[in-house]
S.K.: 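First the structure, which I've put down as structure tokens, then a few questions once you've had a look.
Here the structure is a predicted model, which means the values were calculated and not measured. Start at 1 with the first residue, then count along the sequence.
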Amino acid sequence: MTLPAAVADAIRPHVGAVRSAEPVGGGCIVHATRVEAGGATYFLKWSEDEAGRTFEAEAAGLRALRDAARNEAGSPLLVPEVLAAENAVHLRPGFLLMAWIEPGRKDAGFWQRFGEGLAALHRHTAPNGRYGFGRDNFIGRLRQPNAWHDRWPDFFGSRRLEPQIEMAREQARWNAAWSRPADRLLGRLGDLLPAAPPASVLHGDLWSGNVLAASEPVPAPAGSRAALIDPAVYVGHRETDLALTELFGGFGRPFYDAYRTAWPLEPGYEERRAVYNLYHLLNHLNHFGAGYAAGVERTLRRFS
């Protein structure tokens, strides 16, 4: 698709006149474009519809994630720099303009470095020790509420599970037989989840499609860096990021070994993993429909 004149005009103050704009892969919800302007290359996401109202929130998350990653000297993680973002308004598309990350390859040490880097990122905690984020954002195209809470189970219940359950009901995707098990699970969160784990800065949507190999090497040892894209950032229990990496697969075994060596997990992770991934199963149910109903039901039965 041709870059709309309104988008080209909106990014002109940041990059100059656009010389070329080519679609790139990965834009399943929004348009993804490689832009050449002012002698440099940029990555541009834009949309004229509902997804175009997510960009300012995504930009805030990317900046928080980038600050956390840069907190570690020589971090093997790379988060793209945000240059500008505007939400869509009437008759004007929204956009998110970022520095271009040149793709690389996942070399032999990629997954180990990524595991070590993610553990270091998770050690970057919120100074107030609370759970949430400074603004609501989005998980995919659906709103993700992030009001601050002092207790982690309270946050995860009221800001993660309950909104998705209510959304499923509104969309007629909720099975009435799930209501009693769901209520039981919500009532047990205080026993299943830690009350006050370290308040880590999280990617929030950490599946394999949101981790790229960048050609820019780490300082030492040399090798490709893991680039984190498309986050749903908030402050919470680090295990939620790890749990999602296991839901759909795609992460190498060295990643998990390196993470656990750098920062071991507390006993009971396997049970908590199922609770945390219920959020993403519900989110996929609300995005894509009945194909995820069986996973939701299995989890609810497990804890009922």
S.K.: Sub-3.5 Å donor-acceptor pair from the side chain of N87 to the main-chain atoms of G94, do we have one?
M.R.: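 The answer is no, because no donor-acceptor pair under 3.5 Å joins these two groups.
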S.K.: In the single-linkage hydrophobic clustering (I, L, V, M, F, W, Y; side-chain heavy atoms under 4.5 Å), do L244 and V275 co-cluster?
M.R.: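 Yes: a chain of side-chain contacts under 4.5 Å links L244 to V275.
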S.K.: So which atom in H31 and which in S47 form the shortest heavy-atom distance, rounded to 0.1 Å?
M.R.: CD2-CA, 4.4 Å
S.K.: Taking only residues two or more places apart in sequence, or in another chain, which ones meet Y131 in a ring pair (Phe, Tyr, Trp, His ring centres under 6.0 Å)?
M.R.: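 For Y131, the residues satisfying ring pair (Phe, Tyr, Trp, His ring centres under 6.0 Å) (neighbours in sequence not counted) are W152.
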S.K.: Name all pairs fulfilling the side chain to side chain donor-acceptor pair (under 3.5 Å) condition that reach into residues 294-304, sequence neighbours left out, sorted by first residue then second.
M.R.: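 Sorted pair list: W178-E297, E297-R301.
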S.K.: What are the two closest heavy atoms between A59 and V82, and how far apart are they?
M.R.: CB-CG1, 3.9 Å
S.K.: For A10, what residues pass the side chain to side chain contact (heavy atoms under 4.5 Å, CB included) criterion, not counting sequence neighbours?
M.R.: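 A10 satisfies side chain to side chain contact (heavy atoms under 4.5 Å, CB included) with F95 only.
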S.K.: For Y234 and F155, I'd like to know if the aromatic rings sit close, meaning centre-to-centre distance below 6.0 Å.
M.R.: yes
S.K.: Sequence neighbours excluded and cut-off under 3.5 Å, please list the side-chain donor-acceptor pairs for residues 34-45, or say none.
M.R.:
unit_1	atom_1	unit_2	atom_2	d
R34	NE	E36	OE2	3.2
R34	NH2	E36	OE2	3.3
E36	OE1	T41	OG1	3.0
E36	OE2	T41	OG1	3.1
K45	NZ	E58	OE1	3.1
K45	NZ	E58	OE2	2.8
K45	NZ	D230	OD1	2.9

S.K.: Within the 4.5 Å heavy-atom criterion, are T33 and V24 side-chain neighbours or not?
M.R.: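 Sidechains of V24 and T33: no contact.
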S.K.: Does a side-chain N-to-carboxylate-O contact under 4.0 Å join E246 and R273?
M.R.: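 Salt bridge: yes.
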S.K.: Do any pairs count as a side chain to side chain donor-acceptor pair (under 3.5 Å) and have a residue in residues 139-148, sequence neighbours left out, and if so which ones?
M.R.: N137-Q144, N137-N146, Q144-Y279, N146-R160
S.K.: Going through the distances and angles, do F156 and H149 end up as a ring pair (Phe, Tyr, Trp, His ring centres under 6.0 Å)?
M.R.: CA-CA 9 Å; F156 195 76; H149 282 259; over 10 Å; no
S.K.: Would you say M98 and L62 make side-chain contact, with heavy atoms under 4.5 Å?
M.R.: yes
S.K.: Write down the atom of A69, the atom of L121, and the distance for their closest heavy-atom approach.
M.R.: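 Here A69 and L121 meet closest at N-CD1, 3.6 Å.
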S.K.: So, taking the atom named CG in L83 and the one named CH2 in W100, what distance separates them when rounded to the nearest 0.5 Å?
M.R.: 13.5 Å
S.K.: Does some side-chain heavy atom of F110 sit less than 4.5 Å from a side-chain heavy atom of R113?
M.R.: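 Touching, per the 4.5 Å side-chain cut-off.
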S.K.: Judged by atom type as modelled, is there a donor-acceptor pair below 3.5 Å linking the side chain of R272 to the main-chain atoms of T240?
M.R.: no
S.K.: Can you measure from CG (D183) to CD (E162) and round to the nearest 0.5 angstrom?
M.R.: 9.0 Å
S.K.: With rounding to the nearest 0.5 angstrom, report the CD to CH2 distance, E116 to W263.
M.R.: 15.0 Å
S.K.: Under a 4.5 Å side-chain heavy-atom rule over Ile, Leu, Val, Met, Phe, Trp and Tyr, are F138 and F288 clustered together?
M.R.: no
S.K.: To check you understand the geometry: which heavy-atom pair defines the closest contact between T2 and W46, and what is its length?
M.R.: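 The answer is O-CZ2, 4.1 Å.
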S.K.: To the nearest 0.5 Å, what is the distance between CG (L97) and CD (E86)?
M.R.: 10.5 Å
S.K.: For L77, does its backbone N or O pair with a side-chain atom of R225 as donor and acceptor, under 3.5 Å?
M.R.: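 Judged by distance alone, yes, a pair lies under 3.5 Å.
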S.K.: Salt bridge between R253 and D257, side-chain N to carboxylate O under 4.0 Å?
M.R.: yes
S.K.: Kindly determine whether E81 and R63 satisfy side-chain contact (heavy atoms from CB on, under 4.5 Å), including the steps that lead there.
M.R.: CA-CA 7 Å; E81 179 185 5; R63 290 181 176 117; over 6 Å; no
S.K.: In the structure I gave you, are the side-chain heavy atoms of L242 and L265 within less than 4.5 Å of one another anywhere?
M.R.: yes
S.K.: Give every residue pair that meets the side chain to side chain donor-acceptor pair (under 3.5 Å) criterion with at least one member in residues 194-212, sequence neighbours excluded.
M.R.: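 Pairs touching residues 194-212 that pass the test: none.
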S.K.: Say you draw a straight line from CG of L118 to OG1 of T245; how long is it, rounded to the nearest 0.5 Å?
M.R.: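 Between L118 CG and T245 OG1, I get 8.5 Å after rounding to 0.5 Å.
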S.K.: Which pair of heavy atoms, one from S215 and one from P103, lies closest together, and at what distance?
M.R.: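 For S215 and P103, the tightest heavy-atom pair comes out as CB-O, 3.6 Å.
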S.K.: Could you pull out the closest heavy-atom pair between P163 and G157, with the gap in Å?
M.R.: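 Shortest heavy-atom separation between P163 and G157 comes out as CD-O, 4.3 Å.
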S.K.: For Y256, enumerate each residue passing the ring pair (Phe, Tyr, Trp, His ring centres under 6.0 Å) test, keeping only those at least two apart in sequence or located in another chain.
M.R.: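 If we apply the ring pair (Phe, Tyr, Trp, His ring centres under 6.0 Å) test to Y256, skipping adjacent residues, there are no hits.
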S.K.: Test of understanding: with ring pair (Phe, Tyr, Trp, His ring centres under 6.0 Å), list the residues that count as partners of Y292, not counting sequence neighbours.
M.R.: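 Listed in chain order: H284.
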S.K.: May I ask you to test the V79-D67 pair for a side-chain heavy-atom distance under 4.5 Å?
M.R.: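 Not touching, per the 4.5 Å side-chain cut-off.
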S.K.: Which other residues end up in the same hydrophobic cluster as I101, if Ile, Leu, Val, Met, Phe, Trp and Tyr are linked when side-chain heavy atoms come under 4.5 Å apart?
M.R.: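 Joined to I101, directly or through intermediates: L78.
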S.K.: What residues form a side chain to side chain contact (heavy atoms under 4.5 Å, CB included) with D150, not counting sequence neighbours?
M.R.: R130
S.K.: Does the side chain of L189 come within less than 4.5 Å of L161's, by heavy atoms?
M.R.: yes
S.K.: Quick check: is I229 connected to V30 through a chain of hydrophobic side chains (ILVMFWY, heavy atoms under 4.5 Å apart)?
M.R.: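 In one cluster: no.
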S.K.: Going by atom type alone, with no hydrogens or angles, which donor-acceptor pairs under 3.5 Å involve a side-chain atom of residues 164-171 and a protein atom two or more places apart or on another chain?
M.R.:
unit_1	atom_1	unit_2	atom_2	d
Q164	OE1	N286	ND2	2.7
R169	NH2	S179	OG	3.2
Q171	NE2	N286	O	3.4
Q171	NE2	N286	OD1	3.0

S.K.: Applying side chain to side chain contact (heavy atoms under 4.5 Å, CB included), name anything that partners A126, two or more places apart in sequence or on another chain.
M.R.: N128, A199, V235
S.K.: Is the closest side-chain heavy-atom distance between L278 and F303 below 4.5 Å?
M.R.: no
S.K.: Please work out which of the three classes, parallel, tilted or perpendicular, describes the rings of H237 and Y276, given edges at 30° and 60°.
M.R.: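 It falls in the perpendicular class, over 60°.
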S.K.: Within this structure, what is the CZ-CG distance for the pair R238 and L202, rounded to the nearest 0.5 Å?
M.R.: 10.5 Å
S.K.: Has S224 got a side-chain atom pairing as donor or acceptor with R105's backbone, closer than 3.5 angstrom?
M.R.: yes
S.K.: Quick check: is L212 connected to L206 through a chain of hydrophobic side chains (ILVMFWY, heavy atoms under 4.5 Å apart)?
M.R.: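 No.
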